[in-house]
Amino acid sequence: DQELAAASAKRAAVVKGMSRVKIKNLAVDDDDAYARKYDAIFGQEVLLRRKDRAEILRRCANALKDNGKLVLTDFTLTADGDAAGLASWFAREHAEAPPLNEDEMRAFHKTAGFRIRTVEDMSDHYISLILQGWSALEQSLRANTANRDTLLAMIGEAERWAQRVALLQADQICYTRFFATKKVTI
């Protein structure tokens, strides 16, 4: 998102050797975003919501320089996860297709021209971030009175995030980080 890109750019500007690094927020559907070559692309929860996962990865590969880095963090099905049983969850997430399992994600990366370097389960860290965020919101609400409409809107969001945490804790889904490099073309 724009705020994250701006914060990252500000942080990079003060790190030695990083002042020339350009950090941008790019939309997946923005054809102009893929017109130039990047050293690295970072994405979070991009593939879950899309049917055109293979196309997105192919476009990312085309937009990276040789040996360019791709870091994607997204939800995957676990061995215990059942796509049919999770239908209500991914409908709530506005997903166009069921989540993939880790092997399917690896295959999509390979087909797009990536070499997977690391796959890391980030579920526990993700859960802690969710709980910290809701705790901070709770403290803010105690200090400030929210109107009824705001509270009603927050109920739906709270249910969505609680469902994510419950599925992660039940080992139905996993929050997985994929670190891959673009294969060198000769």
Is any NZ, NE, NH1 or NH2 atom of the basic residue among [X] and [Y] found under 4.0 Å from an Asp or Glu carboxylate oxygen of the other?
| X | Y | value |
| --- | --- | --- |
| Arg53 | Glu104 | no |
| Arg49 | Glu96 | no |
| Asp39 | Lys65 | yes |
| Glu55 | Arg50 | no |

In Å, rounded to the nearest 0.5 Å, how long is the span from [atom1] of [X] to [atom2] of [Y]?
| X | Y | atom1 | atom2 | result |
| --- | --- | --- | --- | --- |
| Leu86 | Glu93 | CG | CD | 11.0 Å |
| Asn62 | Lys182 | CG | NZ | 6.0 Å |
| Leu167 | Cys174 | CG | SG | 12.0 Å |
| Ile173 | Thr76 | CD1 | OG1 | 8.0 Å |
| Leu168 | Ile130 | CG | CD1 | 6.5 Å |
| Leu48 | Thr73 | CG | OG1 | 13.0 Å |

Tell me whether [X] contacts the main-chain N or O of [Y] through its side chain, where contact means a donor paired with an acceptor under 3.5 Å.
| X | Y | result |
| --- | --- | --- |
| Asp121 | Thr176 | no |
| Thr78 | Gln172 | yes |
| Ser135 | Leu131 | no |
| Ser128 | His125 | yes |
| Lys183 | Gly113 | no |

Are [X] and [Y] close enough that some pair of their side-chain heavy atoms sits under 4.5 Å apart?
| X | Y | result |
| --- | --- | --- |
| Leu64 | Phe114 | yes |
| Trp89 | Pro99 | yes |
| Gln44 | Val71 | no |
| Asn67 | Arg115 | yes |
| Arg106 | Val119 | yes |

| said: Quick check: closest heavy atoms across Ala112 and Ala61, and the distance to 0.1 Å? | reply: O-CB, 3.2 Å
| request: Applying salt bridge (Lys or Arg N to Asp or Glu O under 4.0 Å) between Arg164 and each of Glu159, Glu157, Glu45, report the one that passes. | output: Glu45
| query | Is the CG atom of Asp124 crowded by more than 12 outside heavy atoms at less than 6.0 Å? | reply | no
| query | For atom NZ of Lys37, is the number of surrounding heavy atoms from other residues, nucleotides or ligands below 6.0 Å larger than 12? | reply | yes
| request: I would like to know whether Gln169 and Ile127 meet side chain to side chain contact (heavy atoms under 4.5 Å, CB included); could you show each step before the answer? | output: CA-CA 8 Å; Gln169 289 175 333; Ile127 290 169; 3.8 Å; yes
| task | Could you verify whether a donor N or O on one side chain and an acceptor N or O on the other, from Tyr175 and Glu120, lie under 3.5 Å apart? | result | no
| task | Report the C-alpha distance between Phe178 and Ile116 in whole Å, list the side-chain angles of each, state the deciding distance to 0.1 Å, and finish with yes or no for side chain to side chain contact (heavy atoms under 4.5 Å, CB included). | result | CA-CA 7 Å; Phe178 294 86; Ile116 298 278; 4.1 Å; yes
| request: Please lay out, stage by stage, how Leu47 and Leu57 fare under the test side chain to side chain contact (heavy atoms under 4.5 Å, CB included). | output: CA-CA 9 Å; Leu47 299 180; Leu57 286 174; 4.2 Å; yes
| task | Treating Ile, Leu, Val, Met, Phe, Trp and Tyr as nodes and any side-chain heavy-atom pair under 4.5 angstrom as an edge, say whether Leu129 and Phe42 lie in one connected cluster. | result | no
| query | Which of parallel (below 30°), tilted (30 to 60°) and perpendicular (above 60°) describes Tyr126 and Phe75? | reply | perpendicular
